[in-house]
Structures are given as C-alpha cells and as structure tokens.
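Structure first, then comments.
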Amino acid sequence: MFRPKIPTMPQPTGLVAPPAMVEPTTIIPAAQTPSPAPVAPSPSRPAVQLTPGTALALVGGGTAVVLVVGAVLVSMLLAVTVTATSVAVCAVVVRSLLTRR
C-alpha cells in the first residue's frame with residue numbers, strides 16, 4: 001500500500017508496420033533576389049510630457065482617491081464601533097436580567 005508501483009511500458013500487440021522509407025531529395029537553390037533599399041528610420045515617439053494642466057489633474061485625482069478610501073475606512077471603523085457598543089449594552093442588560101432572579 002505504501003510502496004509506489006512503477007508502471008511498465010506495455011508491449012505492442014498485433015501487427016506493427018515497418019518504418020517508412022524516406023528517399024533523399026535534391027535541394028535546388030532559388031534565384032538571388034536583390035535586397036530592398038534601406039528605409040529611413042521613423043522618429044521614435046517622444047516621452048510623455050506633463051503639462052501644468054495634466055499635473056494638476058493627476059494631483060486632483062490622487063487626492064480624490066485618497067479621500068474616498070479614507071472615508072470608506074472611517075465608515076467601516078464607525079460601523080464596527082457601533083456594533084460593538086450595541087453588543088456590550090445588550091450583554092449588560094441580559095446580565096442584569098439574569099442576576100435579579
């Protein structure tokens with residue numbers, strides 16, 4: 001059970017066809033074609049340049065993202081705080097009800 005069994009290669013059954021004969025062929029070189037004329041390289045695209053308007057838009061967008069993420073995190077923290085407070089109040093009420101008896 002704990003010893004792995006290595007599979008063995010199965011032996012071919014039935015008739016096996018002999019390998020096909022490959023006959024050599026002659027290679028005929030093609031006629032030489034003239035090389036094309038060199039093409040002038042096109043100018044590469046310039047690097048991205050930030051204009052003052054673009055920089056201002058990037059700063060404004062980044063600020064908006066930070067404010068939205070911060071608001072979401074603060075609201076989640078507030079939800080956890082409210083839930084914990086309500087559970088604590090319920091626990092105090094239940095405890096006071098059980099100790100009066």
Side-chain angles (χ1 to χ4, degrees):
M1 179 174 159
F2 294 108
R3 294 184 186 177
K5 294 185 179 182
I6 300 173
T8 58
M9 290 294 293
Q11 297 299 322
T13 58
L15 297 175
V16 179
M21 288 292 293
V22 179
E23 296 184 16
T25 57
T26 58
I27 299 175
I28 301 171
Q32 295 290 332
T33 57
S35 63
V39 179
S42 62
S44 62
R45 290 180 55 178
V48 177
Q49 296 178 355
L50 291 178
T51 62
T54 307
L56 187 62
L58 286 174
V59 169
T63 304
V65 167
V66 167
L67 289 176
V68 168
V69 170
V72 168
L73 292 177
V74 167
S75 64
M76 288 172 58
L77 182 63
L78 183 62
V80 169
T81 305
V82 168
T83 304
T85 304
S86 65
V87 168
V89 169
C90 288
V92 168
V93 169
V94 169
R95 183 177 177 189
S96 68
L97 289 175
L98 291 177
T99 55
R100 281 192 184 163
R101 290 186 176 175

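Each residue takes its place number in the sequence, starting with 1.
- Here L77 is tied to no hydrophobic group at all, with no ILVMFWY side chain closer than 4.5 Å.
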Listed pairs under 3.5 Å, donor-acceptor, residues 86-95 side chains, sequence neighbours left out:
unit_1: S86; atom_1: OG; unit_2: V82; atom_2: O; d: 3.3
unit_1: S86; atom_1: OG; unit_2: T83; atom_2: O; d: 2.8

Can you give the donor-acceptor pairs under 3.5 Å from side chains of residues 68-76 to other protein atoms, not counting sequence neighbours?
unit_1: S75; atom_1: OG; unit_2: A71; atom_2: O; d: 3.2
unit_1: S75; atom_1: OG; unit_2: V72; atom_2: O; d: 2.7

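- Applying the side-chain hydrogen bond (donor to acceptor under 3.5 Å, both in side chains) test to residues at least two apart or on different chains, the pairs with a partner in residues 50-62 are T51-T54.
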Please output the side-chain donor-acceptor pairs of residues 59-67 that fall under 3.5 Å, not counting sequence neighbours, one pair per line with the distance.
unit_1: T63; atom_1: OG1; unit_2: V59; atom_2: O; d: 2.8

